[in-house]
**Q** 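Handing you a structure now.
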Amino acid sequence: MQTSFQPAALLRPQPAGSESASRNKPNARTGETDGVAALAHAPDNAPAVRLLTDTLREATRRNASDLHIEPAESGWRVRLRIDGVLHEIATPPAHLRDAFITRVKVLARMDIAERRVPQDGRLRLATSPGRTEDYRVNSLPTLFGEKLVLRRLDALPTDLSLDSLGLDAQQRDAVGCAIRAPHGLVLVTGPTGSGKTLSLYCFLNLLNSESRNLCSVEDPAEIQLAGINQVSVREKAGLTFAVALRAFLRQDPDIVMVGEIRDEETADVAVKAAQTGHLVLSTLHTNDAPAAAARLLDIGVAPYNLAAALRMVTAQRLVRRLCTACRTPAPHSAAALRSAGFAEEQIDGWQPYTAKGCAACHGIGYRGRVGVHQVMPMSDAMRDLIVARAGTHELARQARSEHIGTLRDAALARVRDGSPKHSPPPRSREQYRYTSPCVDRHALPMARCRSRRKP
Ligand SMILES: [Zn+2]
């Protein structure tokens with residue numbers, strides 16, 4: 001794996017005029033220019049270059065999170081991931097495949113001669129005057145040639161409030177209470193791509209003030225947040241989550257964010273930090289909130305330490321919202337809604353909707369996503385269960401008895417309260433994903449969050 005790119009350096013804002021100045025200094029290895037690759041000014045005589053320009057513009061226009069460039073036995077295809085689902089775009093001319101892939105690799109500063117091992121690269125493009133986009137590029141040698149995946153790296157949304165995450169009023173209060181506590185461990189759980197990192201950024205943003213020292217370690221730190229001391233994991237150089245976390249504790253921290261707890265050493269330091277007067281925020285890959293305790297016990301955390309440190313666990317998913325411009329009333333039966341989990345009184349006089357597709361949503365029928373959450377503050381009874389090494393089911397039963405809704409309950413509530421009058425105009429992708437409560441009323445009870453990415 002080539003890991004020559006410098007995320008933080010490339011994320012730094014480019015000074016005005018640097019684009020034209022840097023274009024005069026070709027990179028010795030690739031022959032490309034340093035700094036921002038100016039898509040709009042690229043020599044547009046080559047069809048492959050024009051095709052790349054058009055493809056990236058289409059990705060921006062449709063708010064895609066990833067681009068997949070996939071060689072096949074004959075020809076190739078380009079797919080865009082929009083709101084968590086892949087969509088193929090117009091079939092590109094077969095003869096442009098190699099030139100297209102080479103062009104991306106050159107711009108991403110990857111070794112174009114090496115096609116046998118996976119490589120990583122980073123791409124910053126001026127897509128239009130005054131607008132740049134960052135991409136993380138990864139190549140994979142497949143049977144029919146190199147497959148490339150370009151991940152669009154977003155800027156942080158301007159709205160980082162708890163409301164913007166899609167929490168209901170009760171959940172918002174519980175989360176606000178937990179993250180404002182002076183110490184303890186707050187965990188956000190969910191599969192990859194469920195918006196955990198954005199939730200943590202939202203928490204950090206709320207806590208970000210002159211009076212506190214906030215440190216975060218991520219793999220890698222993709223979004224910059226002013227006022228936070230951000231560190232990227234570099235395993236090869238020996239900078240792991242645990243090493244960074246130990247260093248943080250010698251840096252007089254108030255709040256520490258750990259991108260992910262995935263080994264015993266990190267879990268151990270995080271739990272001890274939470275017990276010694278620091279607020280620790282982290283994520284964990286579990287299906288729901290009650291499973292988090294069992295996971296940490298499995299990793300090797302001592303039950304009494306975990307019970308003492310853990311303050312709150314949340315679980316979350318992102319689900320697609322129906323396009324409000326074209327959604328249509330769906331034929332439905334009360335029995336089907338009851339079996340989906342709706343109570344009798346919720347069904348009366350309520351009209352569910354289904355996806356249709358229009359120009360506004362590019363024929364998909366969905367536009368943007370919304371977060372659904374399970375918020376589980378730790379009670380004394382739950383701490384006792386953890387000390388007794390109780391299983392996930394017992395913790396879930398206890399949570400139920402304390403009126404903590406499941407993810408499914410949250411999703412059903414979203415389906416039920418969806419209303420077009422709350423829909424704001426689309427802004428950035430992340431913002432749009434979280435702002436409106438109008439969701440796909442039909443697909444939601446069965447909604448699954450896709451599992452994706454993060455190398
Ligand atoms: Zn539509």
Side-chain angles (χ1 to χ4, degrees), residues 54-68 77-92 127-128 131 133 150-152 154-155 157-159 163-166 193-195 198 316-333 336-337 340 342 347 349-372 410-450 452:
D54 293 346
T55 307
L56 294 177
R57 286 206 175 118
E58 181 69 2
T60 306
R61 201 169 67 83
R62 297 181 64 172
N63 258 334
S65 60
D66 304 79
L67 282 88
H68 290 240
R77 66 176 173 177
V78 178
R79 292 191 291 172
L80 302 179
R81 195 179 285 282
I82 301 163
D83 293 332
V85 180
L86 283 171
H87 299 274
E88 190 166 346
I89 58 174
T91 313
T127 46
S128 56
R131 183 184 167 91
E133 291 223 347
L150 281 69
R151 147 69 38 105
R152 273 180 74 207
D154 281 303
T158 49
D159 184 8
D163 281 336
S164 71
L165 293 179
S194 57
L198 192 69
Q316 68 176 73
R317 298 290 190 278
L318 294 174
V319 291
R320 289 195 291 171
R321 296 170 48 241
L322 282 176
C323 170
T324 50
C326 65
R327 60 177 201 164
T328 54
H332 64 284
S333 72
L337 293 176
F342 288 104
I347 299 171
W350 170 56
Q351 175 59 59
Y353 288 81
T354 190
K356 188 182 174 202
C358 69
C361 57
H362 304 278
I364 296 171
Y366 299 92
R367 208 163 55 166
R369 288 190 289 178
V370 65
V372 292
L412 290 175
R414 283 276 156 195
V415 173
R416 187 68 182 79
D417 69 14
S419 163
K421 67 178 183 286
H422 295 298
S423 298
R427 285 167 293 179
S428 79
R429 173 154 55 96
E430 292 293 339
Q431 274 179 327
Y432 198 77
R433 185 182 290 172
Y434 289 103
T435 36
S436 167
C438 180
V439 288
D440 173 12
R441 294 163 187 250
H442 248 187
L444 226 162
M446 282 71 76
R448 287 268 188 284
C449 184
R450 74 197 169 78
R452 66 166 203 205

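Order of listing sets the numbers, starting from 1, for every ligand and every atom in it.
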**Q** Can you check whether Val370 reaches Val319 side chain to side chain, under 4.5 Å on heavy atoms?
**A**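 They are in contact (side-chain heavy atoms under 4.5 Å apart), so the answer is yes.
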**Q** Is the backbone of Ala330 close enough, under 3.5 Å, to the side chain of Gln351 for a donor and an acceptor to pair up by distance?
**A**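 Pair found, side chain donor or acceptor close to backbone of Ala330.
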**Q** List for me each residue that meets side-chain contact (heavy atoms from CB on, under 4.5 Å) alongside Ala410, sequence neighbours excluded, and say none if there are none.
**A**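 Expected list: Val372.
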**Q** Run Trp350 and Leu337 through side chain to side chain contact (heavy atoms under 4.5 Å, CB included) and show every step you take.
**A** CA-CA 11 Å; Trp350 170 56; Leu337 293 176; 3.9 Å; yes
**Q** Please enumerate all residues that pass side-chain contact (heavy atoms from CB on, under 4.5 Å) together with Thr91, with sequence neighbours excluded.
**A**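 Listed in chain order: Glu88.
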**Q** With the Zn ion (ligand 1) as the centre, enumerate protein N/O/S atoms below 2.8 Å in chain and residue order.
**A**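 Sorted hits: Cys323 SG, Cys326 SG, Cys358 SG, Cys361 SG.
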**Q** Go through the structure and list residues passing side-chain contact (heavy atoms from CB on, under 4.5 Å) with Ala336, not counting sequence neighbours.
**A**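 Testing Ala336 for side-chain contact (heavy atoms from CB on, under 4.5 Å), a comparison that skips the adjacent residues, returns Ser333.
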